[in-house]
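Comments concern the structure below.
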Amino acid sequence: MARSNDEVAALFQEYADLISITGGDAFKARVYEKAARAIGGHPADVSTLDAKGLQQIPGVGKSIAEKVVEYVNSGSVSAVEQLRAKIPAGVRRLTAIPMLGPKKALTLYEELGVSSIDELVDAIHAERLRDLKGFGPKTEENILHGIGLLRSAEDRVQLDVAMGLAEDIVAELSRVNGCRRCAYAGSLRRVRETVGDIDILTAAEDSGPLMRAFTELPYVMEVIAQGRTKTSIRTTKGLAVDLRVVPPDSWGAALQYFTGSKAHNIRTRELAVHQGLKLSEYGLFDVESGEKTVSETEEEVYARLGLPWIPPTLREDRGEIEAGLRDELPDLVEEADIRGDLHTHTDLTDGLAPLEDMVAAAAGRGYAYYAITDHGPDLSMQRMTDERMLAQREDVRRLDGAYGTRGKRAKRGGMRLLHGVELNIGPEGDVDWPDDFLAGFDLCVASVHSHFNQGREEMTRRIVRACENPYVNIIGHPTTRLIGKRPAVDADLDAVFAACARTGTALEINAHPDRLDLSDEHILRAKRYGVRFAVDSDAHAALHLAYMRYGVATAQRGWLTKDDVINTWPEARLRRFLDKGRAKGRNKGRARSRDTGRAKRHSTA
DNA sequence: GCCGTTTTCGGCCCGACTGTTTTCAGTCG
């Protein structure tokens, strides 16, 4: 279930949107936006805080604290309700279209009475926008394109949303009497980047109590279908969830079947047929005798087919069957292998938490090392200066080794801190600082944050040039896509991958569920070039550090092993990688043989 | 509506791009 913090954050974000749409004070709207973000990222549950405690959250003052209390007590906030009454919900929905903000949405509503995306499409086709001031043919085109993008993501929800709900349902149903086993299956178990509906599988002799408990969950809006083996519901947020109950001795076959993917299942069933067997959700059967051979665990099912157990993240028929038959499945990287996070922010730029809170939270995850990478000055809205960055470095050095001195890290002297930066890759591939300043950082992430519409050649040259910078270690969120919101930039990724491999630059797998960038398919492609990867949370709040799991799952979907991922490496090996070709920059031309030796070790290490 | 090394008022992230204009408004990151 969503935390109260998330509900309150969503409410304030809506309030901010409504203020903007109704032409209210833009500064006030921004304050609510900021408060929404701060509350969403706040570690303590706001429903447990009083007004005074709430005001300790940065950006929350008296008025907002009162509204939080009002929401916790009554389930609504009258100020928000008043604005809701003025503007149909569909008008706010219009602002989800890229290129269409609050001003244009209000114009469309007031001038044309447009209050939904469908009505907007009709209005465009009827050429009714042509007479509006500020709307030209190009705007029409952009709006239609934006609607297409939005709709393509509409029926699917993001990974973290689906995962939160699924884990909650599994926890609830596991408590029901007679429930022998319970797990989520489907695309969620394969950890695809978006999820269409959630499949929950349970094993029990009697399905009745489970079906009842399922339909009585508090967030069930509608029971779509209810039977003895399968019940389907829709949640208040519009997400469809199927529950299937199978006999305990069919658990393995059912889990295998409902995990999919469809393509993977077709291949496994083919394998069965070739061996005179039949595979279904009830088990693996001998065709001639009709006798069931195995079904209780997935391992048994795969073993009987001549396969090792195949991790769900690989089950896409992308070669896992062949690799399994040859016993050459990769030893996939796991979350426990991750020794540190190499891309994180603090409140020095756009993060929410102070440095020390982030460091403490990272140490709590058991990391051996941790990098702080706030934005450089080229993202001018972040107001970074040399002085501020150097002052942060002092703080980082002071905290180096100070956390993580208990538990398993104790004897190794605490968590090591790396002072880094997230540089901005400018339109020409240049970054925020000259070499001599960059040399002071332990590592540099470099990412594209603007000029997304450059042509393919320019964009490729831009990113490749960043790779060639001897101080750039990681290309952050390499395609800059936002799932369902913004397409990937147009670049020749093969050229980028080759440049990364050649220069010793890692590609990020940004674990934020909005991004998951690189995606699994790009990872598979990049790996062939011998590229290294960094799985990073890009955390802007302590809670975001936990996004790591989605990044690791995406890495698994890209068939990565521990060795492919630089932040699973011991610190010394990582630091050698981060040194890149810097020595070359320091002594131009000198010590060439030593450096090529080093480069060689990197590419094969 | 929040906040304070410009503290109880008066600022508030700011520069750039895009499409529409003919000097600028809206949107974005």
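Note that the coordinates shown come from a computational prediction; the quantities given were computed from them, not determined experimentally. Only heavy atoms go into these numbers, but all of them, side chains included; no hydrogens, no water, no symmetry mates.
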Determine which nucleotide pairs with B:dG11, using a 3.5 Å limit on both distances of a Watson-Crick or G-U wobble pair. B:dC2
Looking only at atom types and distance, does a side-chain atom of A:Asn567 sit under 3.5 Å from a main-chain N or O of A:Val535, one as donor and one as acceptor? yes
Can you tell me how far P of B:dG29 sits from CG of A:Asp538, to the nearest Å? 15 Å
Please report the shortest heavy-atom distance between A:Gln13 and A:Ala36, naming the atom on each side. N-CB, 3.8 Å
If you check every side-chain atom of A:His449, which of B:dG29, B:dG1, B:dT27 has the closest atom? B:dG29
For A:Arg486 and for A:Gly134, locate the closest nucleotide of DNA chain B by heavy-atom distance; then report the residue assigned to the nucleotide nearer the 5' terminus. A:Gly134
Just N and O in the side chain of A:Arg30: are any of them under 4.0 Å from OP1 or OP2 of B:dC2? no
C1' gap between B:dT7 and B:dT20, integer Å: 43 Å
Euclidean distance for P, B:dT8 against B:dC3 (whole angstrom): 16 Å
Measure centre to centre between the rings of A:His544 and A:His345, then say whether the value is under 6.0 Å. no
Quantified in whole Å, what is the C1' atom distance between nucleotide B:dC13 and nucleotide B:dG29? 11 Å
Is the charged tip of A:Lys104 near the ring of A:Phe135: under 6.0 Å from the six-membered ring centre and within 45° of its axis? yes
P atoms of B:dG15 and B:dG10, separation to the nearest Å: 24 Å
With the side chain of A:Asp25 defined as its heavy atoms from C-beta on, choose the nearest nucleotide among B:dT18, B:dG1, B:dG29. B:dG1
Calculate the interatomic distance between A:Leu482 atom CG and B:dC28 atom C1'; express it in whole Å. 11 Å
Can you tell me if the side-chain N/O atoms of A:Lys103 get under 4.0 Å from OP1 or OP2 in B:dG26? no
Can you tell me, in whole Å, how much space there is between the C1' of B:dG19 and that of B:dC2? 35 Å
Ring-ring centroid check A:His512 A:His343, cutoff 6.0 Å: no
Position toward the 5' end of DNA chain B (nearest nucleotide), A:Pro98 or A:Leu132: A:Leu132
Which whole number of Å gives the distance between the P atom of B:dT21 and that of B:dT27? 15 Å
Nearest to the A:Asn453 side chain among B:dT18, B:dC12, B:dT20, which nucleotide is it? B:dT18
In whole angstroms, the gap separating C1' of B:dT27 from CZ of A:Phe452 amounts to 13 Å
For B:dA16 and A:His451 - does any side-chain N or O of the residue sit under 4.0 Å from the phosphate oxygens OP1/OP2? no
side-chain N/O A:Ser450 vs B:dG15 OP1/OP2, d < 4.0 Å: no
Rounded to whole angstroms, how far apart are CZ on A:Phe27 and P on B:dC3? 16 Å
Between A:Pro478 and A:Leu507, what is the shortest heavy-atom contact and its length? CG-CD2, 3.8 Å
Need one value for A:Lys62: base, sugar-phosphate or nothing, where a base atom within 4.0 Å counts as base even if backbone is also close, heavy atoms only. sugar-phosphate
Separation between the P atoms of B:dG26 and B:dT22, rounded to whole Å: 15 Å
From B:dT27, B:dG1, B:dG29, pick the nucleotide closest to the side chain of A:Pro102? B:dT27
B:dG19, OP1 or OP2 - any side-chain N/O from A:Asn142 closer than 4.0 Å? yes
